[in-house]
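Letters go in sequence order (proteins before strands), and every chain restarts at 1.
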Amino acid sequence: MRMSKLFGRTLRESPAEAELISHQLTLRAGLVRQLAAGIYSYLPLGWRVLCQIERIMREEMDAIGGQEMQMPVVNPAAIWRATGRYDAPAPGPALLRFRDRAGHDMVLAMTHEEVVADLLRSEVHSYRQLPFMIYHIQTKFRDEPRTRGGLVRVREFTMKDAYSCHADFCSLDEFYERIYQAYVNIFQRCGVQAIAVAADVGVMGGAASHEFMVLSAKGEDTLAICPQCGYAANVEKATFAKPAGVSEAERPIAKIATPGCKTIADVAAFVGVPTCQTLKALFYTTESGEIVLALIRGDLEVNLVKLANVLAGADLRPSSEDTLRSAGIVPGYASAVDLSGFRVIADDSITLGSNFVAGANKEGYHLKNVNYPRDFAVSTLTDIARARAGDRCAECGAVLETPRAIEVGHLFKLGTRYSEAVGATYLDKDGQTQPIVMGSYGIGTGRLMAVIIEENHDEHGIIWPADVSPYPLHLLSLGAAPEVVTAAEQLYSHLQGMGYDVLYDDRNERAGVKFNDADLIGIPWRIVVSRKTLAQESIEIKNRSERAGRMIPLGQLEAILASSVAH
RNA sequence: CGGGGCGUAGCGCAGUCUGGUAGCGCACAGCGAUCGGGACGCUGGGGUCGGAGGUUCAAAUCCUCUCGCCCCGACCA
């Protein structure tokens with residue numbers, strides 16, 4: 001490709017809106033251009049990178065028996081109603097809805113479990129057909145409340161999503177190991193260090209899930225990682241060892257005046273107990289208007305994702321003070337003692353300790369010596385606590401680290417949620433009807449491209465890992481001398497004849513401009529033809545990640561390329 | 001959805017407070033010189049100042065409304 005004709009220019013300066021390095025470099029190198037918030041065009045260079053990433057994903061999916069196909073972006077709402085996701089609070093408005101001319105409700109697919117389940121109904125009837133895995137690389141649309149970080153969180157993107165179908169969970173577990181390894185391979189080939197962590201299943205539902213995460217200070221997710229035993233989870237999901245509380249013989253409950261003590265810190269200091277001997281009462285309002293009380297020991301914090309899961313995925317908002325007052329609740333002085341009419345979801349930390357200080361449900365008063373279950377009842381007692389930096393690993397007791405990370409892939413053991421919802425069943429050996437067991441596995445290609453850049457750049461630009469580079473070779477001619485131009489043109493033809501895809505900088509630009517653009521675009525091998533090289537009947541070849549190049553005689557070029565550059 | 005910021009040439013910005021000829025750098029076009037790290041000289045094209053109302057003799061500038069984009073949070077896969 002001649003750069004003089006390449007569509008898409010490099011930019012000397014970063015557009016003002018770009019904050020992340022990957023966002024700046026994708027714009028400056030001419031890989032993408034933004035059309036609207038979270039909606040991007042891929043220019044030829046960016047598109048080639050995306051195609052390289054897709055090629056790697058195809059190879060790894062095919063290697064474990066995946067069958068590529070293609071499913072539509074526009075879906076009838078009916079199949080989304082069938083699985084319950086059309087009307088559920090999540091994904092809710094993230095699912096873009098519209099009507100066709102006949103007045104049918106339609107959606108833009110944000111993932112393809114529904115279409116897969118629908119296909120399974122008509123295509124799979126026997127255990128003899130199972131297991132198998134299908135996948136496609138297709139546009140997704142998710143109407144995000146907020147886009148972020150260039151290509152990191154967008155509304156329209158392509159995803160490689162794979163779906164495995166099994167006769168039983170045993171088969172799913174077996175396959176899960178294989179796709180897990182395939183994902184490890186993909187990220188490794190793309191030059192990113194991804195780690196797998198236990199994750200919440202979110203709107204996908206199902207039994208278990210893992211996310212592949214790349215550590216990044218700019219990441220949207222926070223992980224809980226144990227440096228000692230290797231435990232790793234998204235904090236949305238993470239468990240930890242809750243410290244023991246104060247253990248005493250239960251004493252009789254007593255009301256005490258605590259004027260102006262509305263926070264846990266105030267109360268603990270005023271009464272003279274550690275925060276772990278207090279109970280925190282938090283109120284959340286669901287999308288249907290129900291007020292739910294989340295109860296947790298005062299030294300811990302509530303994990304909203306865990307709480308929402310207890311409430312079947314409810315969309316929770318902290319209740320406003322006005323809402324609470326009109327429901328007869330005293331903000332700042334509430335507790336579960338003598339409070340009826342609300343669901344109480346309690347963290348199991350309330351059983352670690354005794355003689356807690358809790359609200360008296362009366363302005364200016366708290367209760368001492370509150371004990372569960374002696375003094376109050378709960379609807380659910382489970383783990384709803386959020387792991388924080390400094391908490392200890394539930395497995396081995398070491399101190400957890402909580403780095404930020406960007407999610408680049410997600411594996412779900414879906415189980416039978418979708419197949420049962422739409423009646424996708426097969427007959428087993430005994431002629432019994434069984435639901436098909438499913439898994440789904442996704443990687444966003446554009447986000448992966450951004451993360452590759454985040455992980456592979458220097459102050460001059462991108463440093464593409466060879467497998468994803470838009471071109472393997474970048475040929476520069478320096479100067480307008482006829483003999484240089486002729487030699488460069490000949491070399492360009494020659495390299496193409498050898499089967500190499502070459503980006504050829506044939507522009508009438510100064511050396512500095514060409515060098516800087518080459519560094520910015522980041523192709524692994526740079527070949528220079530100039531007066532200087534011609535004088536020695538050589539060319540200069542330089543790897544993007546090295547500081548200096550080396551002169552090699554023209555005659556040796558072929559051999560050197562063969563040994564170090566993939567076609 | 002809450003908080004903050006920004007919309008002036010393709011990009012980066014000044015001008016807005018205090019109303020009075022729309023500017024600068026880069027990029028682009030032409031000419032010249034130069035040709036190994038974003039040099040240089042001359043000339044030139046490009047703008048309904050995001051949009052709509054309003055105030056005014058006069059609005060990029062003041063007022064009202066609105067649209068868009070970015071960042072933080074909520075949320076999210």
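- Remark: C1' of B:C1 and CG of A:Leu316 are 16 Å apart, rounded to the nearest angstrom.
- Within the 4.5 Å cutoff, the side chain of A:Met61 has heavy atoms near those of the A:Ile186 side chain.
- In terms of position on RNA chain B, the residue among A:Arg317 and A:His23 whose nearest nucleotide sits closer to the 5' end is A:His23.
- Note on A:Gly149: only backbone sugar-phosphate atoms sit closer than 4.0 angstrom, heavy atoms only; bases stay farther off.
- Comparing the C1' positions of B:G15 and B:G30 gives an interatomic distance of 31 Å, to the nearest angstrom.
- Shown here are the side-chain hydrogen bond (donor to acceptor under 3.5 Å, both in side chains) partners of A:Asn456, two or more places apart in sequence or in another chain: there are none.
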Quick test: give all pairs of protein nitrogen or oxygen and nucleotides 7-15 of chain B nitrogen or oxygen below 3.5 Å, distance rounded to 0.1 Å.
{"from": "B:G12", "atom 1": "OP1", "to": "A:Ala16", "atom 2": "N", "distance (Å)": "2.6"}

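- Taking the side chain as every heavy atom from C-beta outward, A:Val116 and A:Asp161 never approach each other to under 4.5 Å.
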Using the 3.5 Å cut-off, write out each protein N or O paired with an N or O of nucleotides 34-36 of chain B and the distance between them.
{"from": "B:U34", "atom 1": "O2", "to": "A:Arg510", "atom 2": "NH1", "distance (Å)": "3.3"}
{"from": "B:G36", "atom 1": "N7", "to": "A:Ser530", "atom 2": "OG", "distance (Å)": "3.0"}
{"from": "B:G36", "atom 1": "O6", "to": "A:Ser530", "atom 2": "OG", "distance (Å)": "2.5"}
{"from": "B:G36", "atom 1": "N1", "to": "A:Glu540", "atom 2": "OE2", "distance (Å)": "3.2"}
{"from": "B:G36", "atom 1": "N2", "to": "A:Glu540", "atom 2": "OE1", "distance (Å)": "3.4"}
{"from": "B:G36", "atom 1": "N2", "to": "A:Glu540", "atom 2": "OE2", "distance (Å)": "2.5"}

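- Both tests pass for A:Arg97 against the ring of A:Tyr86: distance under 6.0 Å to the centre and angle within 45° of the axis.
- Remark: A:Arg9 is not in phosphate contact with B:A27, judged by side-chain N or O atoms under 4.0 Å from OP1 or OP2.
- Side chain A:Glu211 to base B:A77: no donor-acceptor pair is found below 3.5 Å.
- Between B:G68 and A:Gln34, no contact under 4.0 Å exists linking OP1 or OP2 to a side-chain N or O.
- Taking the nucleotide of RNA chain B with the nearest heavy atom to each of A:Lys218 and A:Arg155, the more 5' of the two is matched to A:Arg155.
- With a 3.5 Å ceiling on both atom-pair distances, the Watson-Crick or G-U wobble partner of B:C13 is B:G23.
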I'd like a table of donor-acceptor pairs (distance under 3.5 Å, sequence neighbours excluded) in which one partner is a side-chain atom from residues 511-523 of chain A, with atom names and distances.
{"from": "A:Lys514", "atom 1": "NZ", "to": "A:Ser477", "atom 2": "O", "distance (Å)": "2.6"}
{"from": "A:Lys514", "atom 1": "NZ", "to": "A:Ser477", "atom 2": "OG", "distance (Å)": "3.4"}
{"from": "A:Lys514", "atom 1": "NZ", "to": "A:Asp505", "atom 2": "O", "distance (Å)": "3.1"}
{"from": "A:Lys514", "atom 1": "NZ", "to": "A:Arg507", "atom 2": "O", "distance (Å)": "2.7"}
{"from": "A:Asn516", "atom 1": "ND2", "to": "A:Gly512", "atom 2": "O", "distance (Å)": "2.8"}
{"from": "A:Asp517", "atom 1": "OD1", "to": "A:Thr10", "atom 2": "OG1", "distance (Å)": "2.9"}
{"from": "A:Asp517", "atom 1": "OD2", "to": "A:Thr10", "atom 2": "OG1", "distance (Å)": "3.2"}
{"from": "A:Asp517", "atom 1": "OD2", "to": "A:Arg507", "atom 2": "NH1", "distance (Å)": "3.3"}
{"from": "A:Asp517", "atom 1": "OD2", "to": "A:Arg507", "atom 2": "NH2", "distance (Å)": "2.9"}

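- Ring-plane geometry between A:Tyr176 and A:His210 is classed as tilted, the angle between the planes lying from 30 to 60 degrees on a 0 to 90 degree scale.
- Side-chain proximity of A:Pro145 to B:A74, B:C70, B:C26: nearest is B:A74.
- Nearest nucleotide to the side chain of A:Leu304, out of B:A77, B:C71, B:C75: B:C75.
- A:Phe212 is linked by a ring pair (Phe, Tyr, Trp, His ring centres under 6.0 Å) to A:Tyr180, A:Tyr183, A:Phe187, counting only residues two or more places apart in sequence or in another chain.
- Salt bridge absent: A:Lys237 and A:Asp200 never bring a charged side-chain N and a carboxylate O closer than 4.0 Å.
- Not a single side-chain hydrogen bond (donor to acceptor under 3.5 Å, both in side chains) links A:Tyr42 to another residue, sequence neighbours left out.
- For A:Arg153 and B:C71, the CZ to C1' distance is 15 Å, given to the nearest whole Å.
- A salt bridge is defined here as a Lys NZ or Arg NE, NH1 or NH2 lying under 4.0 Å from an Asp or Glu carboxylate O, and A:Lys5 with A:Asp506 fails to meet this definition.
- No contact: A:Arg447 has no heavy atom under 4.0 Å from any strand.
- Atom P of nucleotide B:A77 and atom CG of A:Leu96 are separated by 17 Å, given to the nearest angstrom.
- Rounded to an integer number of Å, the gap from A:Leu476 CG to B:G38 P is 15 Å.
- Residue contacts for A:Ala36: at a heavy-atom cut-off of 4.0 Å it reaches the sugar-phosphate backbone alone, with no base atom in range.
- Straight-line distance from the CD atom of A:Glu144 to the C1' atom of B:C75: 9 Å, rounded to whole Å.
- Using the Watson-Crick or G-U wobble rule with both distances under 3.5 Å, B:C35 pairs with nothing in any strand shown.
- Taking atom C1' in both B:G23 and B:U61, one finds a spacing of 15 Å when rounded to whole Å.
- For the pair A:Arg386/A:Leu304, no side-chain contact is recorded, criterion being any heavy-atom separation below 4.5 Å from C-beta on.
- Rounded to whole angstrom, the span from the CG atom of A:Asp143 across to the C1' atom of B:C1 amounts to 14 Å.
- Within 4.0 Å (heavy atoms only), A:Glu19 reaches sugar-phosphate atoms of the nucleic acid but no base atom.
- Across all strands shown, B:G68 forms a Watson-Crick or G-U wobble pair with B:C6, both key distances being under 3.5 Å.
- Proximity note for A:Ala37 (side chain, C-beta onward) versus B:G38, B:C69, B:A77: the nearest is B:C69.
- Using the Watson-Crick or G-U wobble rule with both distances under 3.5 Å, B:G73 pairs with B:C1.
- With a cut-off of 3.5 Å on both Watson-Crick or G-U wobble distances, the partner of B:G46 is given as none.
- A:Arg148 comes within 4.0 angstrom of a base, heavy atoms only.
- The partner of B:C62 is B:G54, by the rule that a Watson-Crick or G-U pair needs both atom distances under 3.5 Å.
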